[in-house]
Asker: 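Starting off with a structure, shown below.
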Amino acid sequence: MAAEQAAAWGSDITQPALYLHGTQDGCHGMTQEQVNGAGPLRPRSQSELIDGVGHFLMVQRPPASNKRILEFLAA
């Protein structure tokens, strides 16, 4: 997945990234395996499949989304 993203974006990702994806996302359905592949883009990057939310998880569950983002930034 990292090679596909580098090809699409024209360069490799250089910073750690947090990728969150909802299980009910009707726009871009992804399996756990695909979400897991998004995490190792760079050292210290993380990915997580969030149960029960859709494409706008930050709107559907703001406290949980904010908590997860703050945890990532604090690491």
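Along the sequence shown, the residues carry numbers beginning at 1. As a basis for the values below, the full set of heavy atoms in this structure was taken, side chains included, without hydrogen atoms, waters or symmetry mates. Fair warning: this is a prediction, and the values are worked out from it, not measured in the lab.
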Asker: Kindly indicate, with the supporting measurements, whether the criterion side-chain contact (heavy atoms from CB on, under 4.5 Å) is fulfilled by Gln46 and Phe72.
Answerer: CA-CA 8 Å; Gln46 300 172 20; Phe72 174 76; 3.8 Å; yes
Asker: Closest heavy-atom contact between Leu57 and Gly22?
Answerer: CD2-N, 4.0 Å
Asker: Hey, any chance Leu70 and Ile50 share a hydrophobic cluster, counting ILVMFWY side chains that come within less than 4.5 Å of each other, even indirectly?
Answerer: no
Asker: How is the hydrophobic cluster of Phe56 composed, in terms of its other members, when Ile, Leu, Val, Met, Phe, Trp and Tyr link through side-chain heavy atoms under 4.5 Å apart, directly or indirectly?
Answerer: Met58, Val59
Asker: Is a side-chain N or O of Gln60 found less than 3.5 angstrom from the main chain of Gly54, in a donor-acceptor match?
Answerer: yes
Asker: Could you check whether any side-chain heavy atom of Val53 comes within less than 4.5 Å of a side-chain heavy atom of Thr23, counting everything from C-beta outward?
Answerer: no
Asker: Just jot down the side chain to side chain donor-acceptor pair (under 3.5 Å) partners of Gln24, sequence neighbours excluded, or say none.
Answerer: none
Asker: If only atom types and distance count, is the side chain of Ser45 paired as donor or acceptor with the main-chain N or O of Ala17 below 3.5 Å?
Answerer: yes
Asker: Checking Arg68 against Leu18 for the side-chain contact (heavy atoms from CB on, under 4.5 Å) test, could you report, in this order, the C-alpha distance in whole Å, the side-chain angles of both residues, the deciding distance, and whether it holds?
Answerer: CA-CA 9 Å; Arg68 186 64 185 89; Leu18 173 63; 3.9 Å; yes
Asker: So, taking the atom named CG in Leu20 and the one named CG in Leu49, what distance separates them when rounded to the nearest 0.5 Å?
Answerer: 10.0 Å
